[in-house]
Amino acid sequence: MEAGARYVSPLDPHSPAARDIATLWWWMLAAAAIVFAGAIALLWLGWRRRGEPGLPWIGESERFNTGLVVAFGMVIPAVVLSALFVGANLVVMRDTEPPSRSATAMTIVAIGHQWWWEFRYPESGVVTANELHIPASTSVNLEARSADVIHSFWVPELNRKIDMVPGQRNRIELYAEHAGTYRGQCAEFCGLQHANMAFNVVAEPQSGFQSWLRQEQAPAEPPQGAEAVAGMRAFMEGACASCHTISGTEARGTVGPDLTHVASRATLAALTGPNRHGFLDQWISDPQSIKPGSKMPGLELTEAQFRSLVAYLSGLR
């Protein structure tokens, strides 16, 4: 199980929309169990009647037996499936549709990449990756886009999944009833590392969210110490700056995640590993051994440059 992840289930809802979906699932399970039990009962009755003149509690009438088959094999399944169709498409789908933008407190743009997540906060100018922060008990309008192939945005405990199609925009409401961390996942196969394309939704009290937003708006802290200064130089003069952005510096790359406050995140590489020394070292030195096929290349650095680069990135909080 990847770092920062936990077992999640759409049957453990933490929002009104997710609760509607969970309720529909339980009704579908109950309906399926009834229809299945009816089918098994008919099979059992048919097996018991082979070679027997009749069963006293069923009766000898062909019309009666035919009625049982029609009722349990056609009428009841048709009624049940029709009711579930109406409930799913006219009730649950309607209730989980995103509200108008004016009815939400803020808009966040989620962009799917192979294989990581970019989150933009247009009102504040904040850009982050793989950790989506929202205020708890607040309706958030999430706009989903794709930078390459078809992805699917899904936070099982908060709402249904929506597709992210290149060239199109999709919307969904995110609402967390309580503060907490909720795991999200790309739910559409999008390539080799599809399974390692996860993210966390961090719901915080309003004060905590505003504090996080102010921190993210600030430019990157200047490096502290000679080793970190050397690491910044290695970052700017090497290939890193052509792929990544660090606010307050000349690094303006857009291929990879924004690293302005990378050290404040709990995980790296879309929840593939913990954000700490050891994994960070391995991720920089040989990313293909961790996430084969990713666009993160291995860096040809001296041992001193490598240590200094890790020291610089570890200070970006």
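Along the sequence shown, the residues carry numbers beginning at 1.
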**Report entry** Spatial distance of atom CG (L174) from atom CE (M106) [nearest 0.5 Å]
**Finding:**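 If I round to the nearest 0.5 Å, the distance is 10.5 Å.
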Query raised in the report: Would you say the side chain of P166 lies within less than 4.5 Å of the side chain of I150, judging by non-hydrogen atoms?
Result: yes
Aromatic ring proximity [X]/[Y], centre distance under 6.0 Å:
{"X": "H133", "Y": "F209", "answer": "no"}
{"X": "W154", "Y": "F199", "answer": "no"}
{"X": "F153", "Y": "W117", "answer": "yes"}

Under a plain distance cut-off of 3.5 Å, with no hydrogens placed, do [Y] and [X] share a side-chain donor-acceptor pair?
{"X": "E173", "Y": "S139", "answer": "yes"}
{"X": "H261", "Y": "Q215", "answer": "no"}
{"X": "N141", "Y": "R171", "answer": "yes"}

Check [X] against [Y] and note the closest heavy-atom contact, atom names and distance.
{"X": "N130", "Y": "A198", "result": "OD1-O, 4.2 Å"}
{"X": "L213", "Y": "S124", "result": "CD1-OG, 3.8 Å"}
{"X": "Q114", "Y": "C190", "result": "NE2-O, 2.8 Å"}
{"X": "V140", "Y": "P135", "result": "CG2-CD, 4.2 Å"}
{"X": "E177", "Y": "P16", "result": "OE2-CD, 3.7 Å"}
{"X": "P287", "Y": "P297", "result": "CG-O, 3.5 Å"}

Query raised in the report: Should the pair H194 and F189 be assigned to parallel (<30°), tilted (30 to 60°) or perpendicular (>60°) ring geometry?
Result: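 Judged by the thresholds at 30° and 60°, the geometry between H194 and F189 is perpendicular.
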**Report entry** Option among W27, W26, W25 that satisfies the side-chain contact (heavy atoms from CB on, under 4.5 Å) test with T23
**Finding:**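 Only one of W27, W26, W25 forms a side-chain contact (heavy atoms from CB on, under 4.5 Å) with T23, namely W27.
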**Report entry** Pairwise side chain to side chain donor-acceptor pair (under 3.5 Å) hits with a residue in residues 245-258, at least two apart
**Finding:**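 Passing the test, one end in residues 245-258: D258-T260.
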Query raised in the report: For R276, does the CZ atom sit with more than 12 other heavy atoms under 6.0 Å from it, leaving out its own atoms?
Result: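 No, because the 6.0 Å sphere around CZ of R276 holds 12 heavy atoms or fewer from other groups.
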